[in-house]
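Have a look at the structure below, then the notes.
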Amino acid sequence: RAKRNSARNYEFFLEEMEFDNRWRTDIINQLKNDFYEGHLSLWYQPQINLKTGAVCGIEALVRWPDSAGGFIQPPSIFIPLAEYSGLIIDIGDWILEEACRTFDKLKRQQHTLQSVCVNIGIPQFKQFNLIKTIQRLTQEYKLPAGTLVIEVTEQLAMHDPQLVIENLHTLQKLGVHAAIDDFGTGYSSLNTLRHLAIDRLKIDTQFIHEISHSNAEHARPPFAETLISLGQKLGLKLVAEGVETQAQANTLRQIGCHQGQGFFFAKPMPFDELLDWLNDNPSLSF
Ligand code: C2E
Ligand code: MG
Ligand code: MG
Ligand code: MG
């Protein structure tokens with residue numbers, strides 16, 4: 001009993017340290033100002049078809065730049081605070097619109113992407129307007145059915161399974177696809193996942209990094225391979241996250257993973273850089 005109490009106190013202590021109140025309030029206020037003044041930026045990371053080397057899509061990743069060429073906080077810090085404060089609703093709408101606008105701008109430059117992936121958190125998903133917003137944006141920017149892909153985590157799926165099941169079905173009818181992000185890291189029940197209208201799994205970075213860097217004989221990734229064959233049997237598209245080496249890319253291709261995303265191919269970059277990068281790399285050979 002004593003042990004359990006002290007464990008709980010310790011967790012509480014850690015939480016206090018990490019999310020010290022004043023620090024948290026300061027960040028939220030600064031984020032609010034910067035967002036409404038138009039200082040957030042949406043960056044994009046290409047996704048590569050592992051069979052052909054063609055660029056097939058992008059994932060939109062939000063950035064909070066400072067004036068010196070760096071970042072004020074990474075998304076892993078400010079997204080949870082934006083969610084906690086409710087700011088994520090406005091920020092999330094802006095991210096969705098910016099991503100759809102980017103698809104349209106690229107199309108006008110002869111780069112028609114198969115998919116544009118956007119991360120969606122729990123409060124955004126619970127918001128009544130999300131579906132209406134998505135419907136309006138895909139019409140306004142003329143995204144063909146299947147182009148917009150929303151990425152949800154297993155945590156989100158388990159948070160309110162009934163709502164998630166319903167919303168994903170509605171979105172699927174509107175031609176919006178969905179991916180489970182960081183697949184394999186959450187505590188989701190396969191039974192819940194089974195009922196979700198998803199069309200792809202993003203295999204989490206940690207399982208990709210387990211794939212051997214050097215020795216080809218030991219290059220079999222036991223768990224990534226298991227996740228990939230599970231996804232294949234379910235008829236899902238498989239995307240590997242955090243691909244950093246040639247060996248990982250080769251192994252993933254061999255075991256039938258469809259797409260790869262990671263520093264080995266390209267880092268996330270702002271729109272102008274993405275456009276240059278696409279012009280230089282219509283497809284990759286590796
Ligand atoms: P995520 O959706 O799993 O995004 C992948 C993260 O891995 C990104 O970090 C990306 O920059 C990083 N990454 C890409 N390739 C590699 C690689 O080869 N090696 C390694 N080590 N990392 C790689 P980022 O941009 O810092 O985002 C972190 C998380 O924050 C995202 O994880 C996502 O959950 C959240 N996030 C980012 N942008 C948004 C957004 O626009 N909206 C929402 N709701 N969440 C976002
Ligand atoms: Mg993601
Ligand atoms: Mg991920
Ligand atoms: Mg991840």
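Heavy-atom basis, side chains included; hydrogens, waters and symmetry copies ignored. In each ligand, atom 1 is the first atom listed, and ligand 1 is the first ligand listed.
Contact annotation for Arg63 and ligand 1: only side-chain heavy atoms (C-beta onward) come within less than 4.0 Å of the ligand. For Gln261, no heavy-atom contact with ligand 1 is shorter than 4.0 Å. When heavy-atom distances to ligand 1 are checked against a 4.0 Å cut-off, Val243 comes that close only through its backbone atoms N, CA, C and O. When non-hydrogen atoms are compared, ligand 1 lies under 4.0 Å from the side chain of Asp181 (C-beta onward) but not from its backbone. The proximity of Pro74 to ligand 1, defined as any non-hydrogen pair under 4.0 Å, does not occur for either the backbone or the side chain. At a 4.0 Å heavy-atom cut-off, ligand 1 touches Ile95 through the side chain alone. Residue contacts with ligand 1, taken as heavy atom pairs separated by less than 4.0 Å, do not involve Lys267 at all.
Across all non-hydrogen atoms, the minimal contact from Ala178 to Ala197 is CB-O, 4.0 Å. Closest of all the heavy-atom pairs between Gly184 and Phe207 is O-CZ, 3.5 Å.
Asp181 lies close to the Mg ion (ligand 3), since one of its N, O or S atoms is found at a distance under 2.8 Å. At a cut-off of 2.8 Å, Glu151 is counted among the residues with an N, O or S atom near the Mg ion (ligand 2). Distances from the Mg ion (ligand 3) show that Glu241 has an N/O/S atom below 2.8 Å.
Between the side chains of His111 and Asn279, a donor-acceptor pair is found at a separation under 3.5 Å. If you check the side chains of Glu97 and Tyr141, you find a donor sitting under 3.5 Å from an acceptor. Side chains of Glu59 and Gln261: a donor-acceptor N/O pair is present below 3.5 angstrom, by distance only. Under the 3.5 Å distance criterion, with hydrogens and angles disregarded, no donor-acceptor pair is assigned to the side chains of Thr25 and Trp23. Side-chain N/O atoms of Lys237 and His177 include no donor and acceptor closer than 3.5 Å.
For the atom pair CG of Asn49 and NE2 of His258, the computed distance is 9.0 Å after rounding to the nearest 0.5 Å.
The closest heavy-atom contact to atom 19 (N) of ligand 1, among the options Gln248, Glu244, Gln45, Glu151, comes from Glu244.
Looking only at its N/O/S atoms, Asp182 has OD1 as the one nearest to the Mg ion (ligand 3).
Using a 4.0 Å cut-off between a side-chain N of Lys or Arg and a carboxylate O of Asp or Glu, Asp104 and Arg108 qualify as a salt bridge.
Taking 4.0 Å as the cut-off, Glu59 counts as a neighbour of ligand 1 on heavy-atom distance.
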